[in-house]
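Order of the sequence lines sets the chain letters (A, B, ...), proteins ahead of strands, with each chain counted from 1. Bear in mind the structure is a predicted one, so any value in this text is a computation, not a measurement.
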Amino acid sequence: MILAILYKELRQHWWAFLLIVLICSLGFFGQFTSSTLSEGHGSHFTLLTKFGIFIALASLVLVNRLVASEYHSQTQLFLESLPLPRGRMILIKYLLGLTVITLLAASAFTVTLLLGLRTEVIDSNFIAYLLLRFGAFCYFTYCFFFLYGFLGRYRIAFFIAIVFTSLLFPKMTDWELTDLPPIELIGATFAYEREHFPLKPFAVTISLAFIFSLAGLALATLREGSVAGLLGEQMSHREKVSIAGLIIALIFTAYFIDERNPKEPYQMHNASCVGSLAQGIVVSVAPPSAEGQILANKIHEDLTALSLYLQIEKLPPVFVIRRNDLDPETHEAGSLKNKEGIIMRTNFAHSEWDFNQFNESLIARVLGAYSNDRIRKEDRFWVLDGFTLFWSRRNEVPQSSPPKALDRSPDLLLRALYGTSERPPLTPSSMRRWFSQQDELGHEITAGIACSLLRVLESAVGEKKCQAFLRSILAVKNPSRASTSLRDLLAPPEKLFLQHTGMQLADFLSLWQQELQRLRPAYQEQLNTLPQISGELEFVKLSLNSSQANYSLVDSVDKSPNLKKRLYYATLPPFANYVPEHLLIPVPLDFTANSHSGILPDDFPRGTRLLFTFSLYSKALKCRIISGWQRKEAH
Amino acid sequence: MLENIAPIVTTQSSDCVADQPPVLKTRNLKRSFGKVEAVRGVDLNVEKGQIYGFLGRNGAGKTSTIRMIMGIIKPDEGEIHLLGKTTRRTSITQKQQIGYVSQGQHFYPWMSCRALGRFVSGFYPNWDDHEFARLLKVLELPPDRRSSHLSGGMAVKLALALALAHRPALLILDEPTAGLDAVARREFLEIIQKQTRDHGRTTFFSTHRIDEVERVADRVGIILKGTMRYEGSLSTLTASVREIRLTPPNKFSTLRSENIHPYTEANGFEILNQKTVDGQLQLTAFAQPASWSSQKTFPYAQIEMLSLEDVFIACAGNNVSDL
């Protein structure tokens with residue numbers, strides 16, 4: 001009887017079993033290859049962590065084949081008519097699927113163990129820990145999908161709900177899925193923890209697995225299997241519409257709750273604090289000191305003025321931490337998960353530390369957080385880019401009489417002139433591709449261009465209209481995502497520009513170009529003396545799988561040590577084109593020679609994508625000039 | 001009004017061998033699905049070598065009864081005496097001695113007739129491969145054709161071959177001819193008759209078609225709304241139910257059923273159905289065959305025998321008290 005069922009299952013699903021084994025083998029081999037090729041892959045046992053996704057996939061396919069397809073085609077009625085107890089039929093299916101998963105998991109575990117034994121010192125205790133943790137995860141995954149298989153026509157909807165919940169869960173709570181069983185079992189500590197066995201997560205995982213198994217078996221036998229049979233039937237049209245509606249409603253509700261659910265402000269202890277949450281602006285600087293208190297007051301004062309200017313009632317709390325090991329011009333932004341606030345790390349005690357420069361960075365962060373990073377969208381980023389300078393340099397005294405739009409800050413004017421020299425004029429279309437401008441010129445130059453745009457705008461249409469336009473872009477109050485996406489779509493920056501300033505953006509850009517052209521002759525001599533920088537980076541093979549990066553730099557004759565020539569680089573994660581600024585690695589370049597060449601300290605595995613640029617500091621521009629961000633892949 | 005449904009008669013089969021226990025006997029079998037009482041106390045008595053026609057309208061409770069007999073669902077109440085053992089739920093061993101053809105065929109579409117035989121053989125210790133091969137040949141079923149490529153009639157034949165290949169003591173068929181054309185239906189019934197005749201096999205089959213019962217059944221059970229209405233031989237049934245047409249003595253008088261009831265009850269007649277056509281009161285009544293011999297019972301009456309279909313309609317149709 002048992003053999004007959006087993007024979008039937010194997011004959012019916014042999015190709016599915018084969019496909020699962022093939023995909024899992026390829027997946028494992030792929031992970032192994034990429035892990036071997038990548039530097040610093042650490043323990044081989046991390047392969048098992050990644051293999052978890054294939055176990056889940058295999059469980060899903062297996063249960064769909066063994067259970068869901070049986071009930072969907074109603075062939076369980078044929079089995080029921082035979083002298084075969086229903087429970088035994090389900091148990092055979094359960095055990096067969098579990099055997100396949102166990103074989104897959106055992107194979108992966110054995111191969112990984114053999115690999116690990118070649119490079120690591122492994123004792124029996126560690127093997128037992130690994131085996132129990134990985135085994136429990138695989139068992140849980142299989143049992144979860146076993147229950148899922150009996151949900152019949154509702155299983156797809158259930159799957160969507162589960163995926164959606166797992167995406168939203170970390171956002172709506174303080175919990176990370178990786179901190180919860182069963183994922184916790186094969187999480188970050190899986191490959192390394194040798195002393196402490198995660199007993200509680202293990203017990204929870206195994207208990208849940210048993211519950212899911214029993215629930216699956218119960219569902220299969222409930223009311224003589226009629227419940228599972230009914231669930232296995234096809235969905236009616238009305239049900240399809242209702243389920244789709246329910247899922248859409250769930251998505252909207254979740255987003256709505258997520259956006260409406262205020263995050264608690266971050267608590268920074270042992271810090272100089274100014275303002276209160278009730279007033280809308282709080283600034284904390286740690287560690288507490290006289291300098292810290294002064295800085296906190298200054299930031300608070302500036303943010304208060306900013307909130308009045310943009311008519312923002314409440315800004316996210318600001319937390320500044322002094323880091324003595326940072327360069328004075330480095331301002332690192334930290335992230336606060338599930339807490340409200342902006343955290344910045346900077347060396348404000350340094351003698352060369354500049355408040356304005358820090359403030360530019362801070363304002364960009366504050367406004368970004370206020371708008372849920374909506375103002376960081378490429379089509380409106382120029383406004384934020386320009387506003388940070390426009391605001392922090394607002395008190396600079398005009399040098400001409402009567403004052404002109406662009407004569408307040410010579411360095412900013414020079415940045416605008418430098419950034420527009422021998423380049424195609426800006427158009428509304430190029431404004432929408434602002435990141436391309438930043439790639440070519442660097443964000444400090446583009447910020448100068450954008451600032452000059454805002455200053456000319458203020459001069460052309462008046463302070464009130466300029467302010468109204470800035471508010472419409474920058475002071476978008478913490479909106480629900482769905483409605484804001486729609487609003488962004490219906491009201492692009494060009495439309496808002498016309499609405500608030502009464503000018504077409506294209507007309508305004510022409511006006512701005514004319515203003516720059518008018519001023520260019522007076523600054524041409526100074527522009528000609530600005531240093532230029534260009535360089536090359538080439539990968540040279542060290543072996544089949546690794547390369548070194550050779551760079552060479554050609555620049556002007558200025559050998560001043562103040563030029564701070566640097567090569568900035570970073571390894572790009574897959575599919576990414578940018579990295580946060582604090583991940584960029586600076587390589588100081590020798591300033592005594594005209595032609596520099598060198599080798600980057602790291603070796604790069606095949607397939608590494610490198611983001612890099614050469615830069616030097618221009619005193620006249622008070623910012624860095626770059627050779628342009630480039631991306632290169634090691635072959 | 002369902003409570004009023006009661007068996008009109010249960011008679012012993014003329015073929016019944018007194019010292020031989022019945023192959024299948026149920027007592028007060030009940031089963032509900034939620035609030036719906038599908039089977040409300042069914043008593044069946046199937047003797048060895050009989051073809052038992054289980055007759056009832058759609059939704060009368062035939063399939064639920066059969067599923068209880070097959071052990072697919074458990075009765076809420078009652079007992080099943082099957083092949084010498086009394087139990088609440090049919091065991092696997094008992095099931096291995098039954099050949100079962102369900103109402104719809106849900107074979108694995110990728111399996112051929114031969115492969116299905118091989119698969120099913122694993123569940124029956126008495127499976128006979130040669131018999132299955134013979135049955136496939138007799139029933140003109142191509143052994144290598146996939147079940148998904150079989151016509152409705154061929155699928156039922158295959159189900160029959162699968163049910164017979166282990167030489168069961170009892171063959172249970174749940175509306176096997178539903179959906180078959182007239183030729184296939186006739187062919188199928190002939191096979192059943194031949195099987196019973198040649199192998200002395202007991203067959204219990206459910207249907208809602210009178211002609212099928214009339215053609216093959218030795219004994220008939222009529223189920224109405226989950227309750228047995230009649231169980232007995234066909235000849236007794238047809239001899240017991242007749243139509244009485246009462247014409248009023250003159251055009252100024254009217255006949256009312258209330259006037260007749262005391263009279264019929266006192267004489268052992270049960271009115272199954274009644275209607276008035278052109279002032280004539282037409283009653284369908286049940287009584288022992290001997291009771292019909294006296295014409296004096298109903299003065300002014302014209303008494304006519306009925307076809308089995310009319311008898312079934314009278315028995316399984318709405319009860320007079322429900323009108």
Could you tell me which residues in [range] have at least one non-hydrogen atom under 4.5 Å from a non-hydrogen atom of chain A, sorted by residue number?
range: residues 71-79 of chain B; result: Ile72(B), Ile73(B), Lys74(B)
range: residues 85-95 of chain B; result: Arg89(B), Ile92(B), Lys95(B)
range: residues 127-141 of chain B; result: none
range: residues 143-161 of chain B; result: none

Reported [atom1]-to-[atom2] distance for the pair [X] and [Y], which is rounded to 0.5 angstrom:
X: Ile5(A); Y: Phe123(B); atom1: CD1; atom2: CZ; value: 4.0 Å
X: His106(B); Y: Gln76(A); atom1: NE2; atom2: CD; value: 8.0 Å
X: Ser81(A); Y: Leu162(B); atom1: OG; atom2: CG; value: 9.0 Å

How about [atom1] on [X], more than 12 heavy atoms from neighbouring residues, nucleotides or ligands closer than 6.0 Å, or not?
X: Arg86(A); atom1: CZ; value: yes
X: Ile53(A); atom1: CD1; value: no
X: Phe33(B); atom1: CZ; value: yes

Notebook entry, point to check: Using 30° and 60° as the class limits, which term best fits the ring planes of Tyr108(B) and Phe78(A): parallel, tilted or perpendicular?
Noted result: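 If you compare the ring of Tyr108(B) with that of Phe78(A), the planes turn out perpendicular.
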
Notebook entry, point to check: For Leu116(B), is it the side chain, the backbone, both or neither that has a heavy atom under 4.5 Å from a heavy atom of chain A?
Noted result: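 Leu116(B) touches chain A through side-chain heavy atoms alone.
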
Item checked: Per-residue contact mode, Tyr100(B) against chain A (heavy atom under 4.5 angstrom) ->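 Tyr100(B) touches chain A through side-chain heavy atoms alone.
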
Check: What closest approach, in Å, do Phe107(B) and Thr75(A) show between heavy atoms, and which atom pair accounts for it?
Finding: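 Between these two residues, the closest heavy atoms are O-CG2, 3.7 Å.
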
Notebook entry, point to check: For the residue pair Ala4(A) and Gly122(B), what are the closest heavy atoms and their distance?
Noted result: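 Shortest heavy-atom contact: CB-CA, 3.9 Å.
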
Next item on the list: Decide yes or no on side-chain contact (heavy atoms from CB on, under 4.5 Å) for Arg31(B) and Glu224(A), but give the supporting numbers first.
Entry: CA-CA 12 Å; Arg31(B) 172 70 199 215; Glu224(A) 272 100 6; 3.1 Å; yes

Next item on the list: Determine, stepwise, if the pair Met111(B) / Arg11(A) fulfils side-chain contact (heavy atoms from CB on, under 4.5 Å).
Entry: CA-CA 10 Å; Met111(B) 277 193 189; Arg11(A) 269 206 66 184; 5.8 Å; no

Notebook entry, point to check: Using non-hydrogen atoms only, which part of Leu79(A) is less than 4.5 Å away from chain B: side chain, backbone, both, or neither?
Noted result: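 The side chain, not the backbone.
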
Next item on the list: Below 4.5 Å from any heavy atom of chain B, which atoms of Leu3(A) appear? Answer side chain, backbone, both or neither.
Entry: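 Neither; nothing under 4.5 Å.
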
